[in-house]
Visitor: 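What follows is a structure written as structure tokens; I'll ask about it next.
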Amino acid sequence: MYDIIVIGGGPAGLAASINGKNRNKSVLLCSNDYRDSYLYKAARIENYPGRPGISGKELLEELVNHAKKAEVEFLQEKAFAVISLDGQIYVSAGDKVENARRVILAIGMASPNKFPGEAPFLGRGVSYCATCDGMLYRNGKKVTVVGKAENSVEEANYLNEIGCQVTFVSDKPAFGLKEGIESVVAKRLEVMGKDAVTALKADDREIPSDGIFILRNSVAPSDLLPGLELDGGAITVNRRMETSVPGVYAAGDCTGRPLQISKSLGEGQSAALNAAESIDLEKKEGKSAR
Ligand SMILES: Cc1cc2nc3c(=O)[nH]c(=O)nc-3n(C[C@H](O)[C@H](O)[C@H](O)COP(=O)(O)OP(=O)(O)OC[C@H]3O[C@@H](n4cnc5c(N)ncnc54)[C@H](O)[C@@H]3O)c2cc1C
């Protein structure tokens, strides 16, 4: 069990991880590739105190190197579920489940607009994780992959390998798909079905589907951790960066405006220091798990 699992490797998550280690806590940083951070796309940052003109890429690489030096453990995976159970918090990422005393959500501005029909059919044919649910559709079942994440082609190829009949839908042509996977370019998508999914409507075409894998880089906070209190899509936090779920903190763009680097770094630091303090207090009081 880790002391702290941080989800998201942008400025907020990296600051949280570094500060968690500074407080002598074991820290796992679970994130997509750090180049997915919004910061990586910023060509010139003028308002980062002390470093005017630095590029986002440069700043992010410095933060990653700092975290590596601090001996933060890295897990390059997308987290798709956080579950609080018996005083511990479990994080599912890729095909792994890790647990911790505290979790810090630093997932950036994660409020993906859902497709019509997506939410009602979640768990009834709609899935966000090929590794977790792919096996349900082997033996020739029809699956449609909606490719919005970097590794979507890889995941579609995996589903093809385990025996699914795969159609790949994206908003631009896809490359690297295995033979036998049909690629469809479409902009307007809708999940169709009755009791369970039957098809994906892609522009004017209906693609018959037993399962639809919608693969994005981010997972909406409410899907990641059901029951999390939100305010207009942003995660509600108090001054200690605690969310409505005990033991779970949040920091950075995911807590709302201003969407800025310095605010994200500060919130990440604050979340980690408060998480570390609460672990120390708990240990002092002799409570076991949280
Ligand atoms: C073009 C551009 C220019 C900008 N210029 C400036 C500027 O000049 N000054 C300024 O202050 N700010 C600027 N910003 C904003 C700044 O980049 C953000 O405020 C900052 O990056 C937020 O940091 P964060 O850590 O909260 O989120 P992010 O940087 O978005 O990082 C979140 C990370 O978490 C990962 N992630 C999300 N969900 C999951 C999951 N479920 N599992 C695993 N990993 C996950 C994401 O892939 C990403 O790597 C700019 C942004 C852009 C796009």
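By convention here, the first residue in the shown sequence is residue 1. Counting starts at 1 for both ligands and their atoms, in listed order.
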Visitor: Ignoring angles and geometry beyond distance, decide whether Asp253 reaches within less than 3.5 Å of ligand 1 through its nitrogen or oxygen atoms.
Guide: yes
Visitor: Mark yes or no for whether Asp3, through its side chain, and Ser26, through its backbone, hold a donor-acceptor pair below 3.5 Å.
Guide: yes
Visitor: Short N/O distance, under 3.5 Å, between Ile45 and ligand 1?
Guide: no
Visitor: Does a side-chain heavy-atom distance below 4.5 Å link Val191 with Val197?
Guide: yes
Visitor: Under 3.5 Å between any N/O of Ala79 and any N/O of ligand 1: does that happen in this structure?
Guide: yes
Visitor: Among Ser37, Gly268, Gly10, Gly94, which residue places a heavy atom closest to atom 29 (O) of ligand 1?
Guide: Ser37
Visitor: Looking only at heavy atoms of Lys263, does any of them come nearer than 4.0 Å to an atom of ligand 1?
Guide: no
Visitor: Could you check Thr243, Leu105, Ile107 and say which one makes a side chain to side chain contact (heavy atoms under 4.5 Å, CB included) with Pro221?
Guide: Ile107
Visitor: Distance under 4.0 Å to a non-hydrogen atom of Gly252: what atoms of ligand 1 satisfy this?
Guide: 26 (O)
Visitor: When only distance counts, is Asn32 in polar contact with ligand 1, meaning an N/O pair under 3.5 Å?
Guide: yes
Visitor: Just to be sure I'm reading this right: ignoring hydrogens, which of Val91, Ile261, Asn217 gets closest to atom 16 (C) of ligand 1? Compare them by their nearest heavy atoms.
Guide: Ile261
Visitor: Does any N/O atom on Gln260 come nearer than 3.5 Å to any N/O atom on ligand 1?
Guide: yes
Visitor: When you measure from the side chain of Ser270 to the backbone of Gly266, do you find a donor-acceptor pair of N or O atoms at a distance under 3.5 Å?
Guide: no
Visitor: Polar-atom distance check: Ile7 versus ligand 1, any N or O pair below 3.5 Å?
Guide: no
Visitor: Quick one: do the Ser55 and Arg44 side chains pair a donor with an acceptor below 3.5 Å?
Guide: no
Visitor: Of Leu63, Asn47, Leu59, which has the heavy atom at the shortest distance from atom 7 (C) of ligand 1?
Guide: Asn47
Visitor: Is there a polar contact between ligand 1 and Leu224, counting only N or O atoms under 3.5 Å apart?
Guide: no
Visitor: Short list, please: which atoms of ligand 1 are under 4.0 Å from a heavy atom of Glu77?
Guide: 43 (C)
Visitor: Given Leu259, Leu14, Val6, identify the one with the heavy atom nearest to atom 14 (N) of ligand 1.
Guide: Leu259
Visitor: Can you name the atoms of ligand 1, numbered from 1 with element, that are less than 4.0 Å from a heavy atom of Cys30?
Guide: 43 (C)
Visitor: Among side-chain atoms of Ser278 and Tyr249, is any donor-acceptor pair under 3.5 angstrom?
Guide: yes
Visitor: Counting each atom of ligand 1 from 1 as listed, which ones have a heavy atom of Ser31 under 4.0 Å away?
Guide: 35 (C), 43 (C), 44 (N), 49 (O)
Visitor: Which ILVMFWY residues can you reach from Val185 by hopping between side chains whose heavy atoms are under 4.5 Å apart?
Guide: none
Visitor: Show which atoms of ligand 1 fall inside a sub-4.0 Å distance from at least one heavy-atom site of Gly9.
Guide: 33 (C), 34 (O)
Visitor: State whether the side chain of Asn99 and the backbone N or O of Ile89 hold a donor-acceptor pair below 3.5 Å, judged by distance alone.
Guide: no
Visitor: Does any N or O in the side chain of Asn157 come within less than 3.5 Å of the main-chain N or O of Leu177, such that one atom is a donor and the other an acceptor?
Guide: no
Visitor: Tell me which one of Pro221, Ala42, Pro258, Pro11 gets a heavy atom nearest to atom 4 (C) of ligand 1.
Guide: Ala42
Visitor: What is the distance from atom CG of Leu75 to atom NZ of Lys96, rounded to the nearest 0.5 Å?
Guide: 5.5 Å
Visitor: Would you mind telling me if ligand 1 is within reach of the side chain of Ser264, the backbone, both or neither, using heavy atoms under 4.0 Å?
Guide: side chain
Visitor: So, the side chain of Asn217 versus the backbone of Ala149: is there a donor-acceptor pair under 3.5 Å, distance only?
Guide: no
Visitor: Quick one: are Tyr34 and Glu61 in side-chain contact, heavy atoms under 4.5 Å?
Guide: yes
Visitor: Going by the rule side chain to side chain donor-acceptor pair (under 3.5 Å), which residues pair with Glu118 if we only count those two or more places apart in sequence or in a different chain?
Guide: Tyr128, Arg216
Visitor: Check each atom of ligand 1 against the heavy atoms of Ala12 and keep those under 4.0 Å away; list them by number with element.
Guide: 25 (O), 26 (O)
Visitor: Show the atoms of ligand 1 that are less than 4.0 angstrom away from any heavy atom in Ala106.
Guide: 32 (C), 34 (O)
Visitor: State the atoms of ligand 1, each with its element, that fall below the 4.0 Å cut-off from a heavy-atom position in Lys78.
Guide: 40 (C), 41 (N), 42 (N), 43 (C)
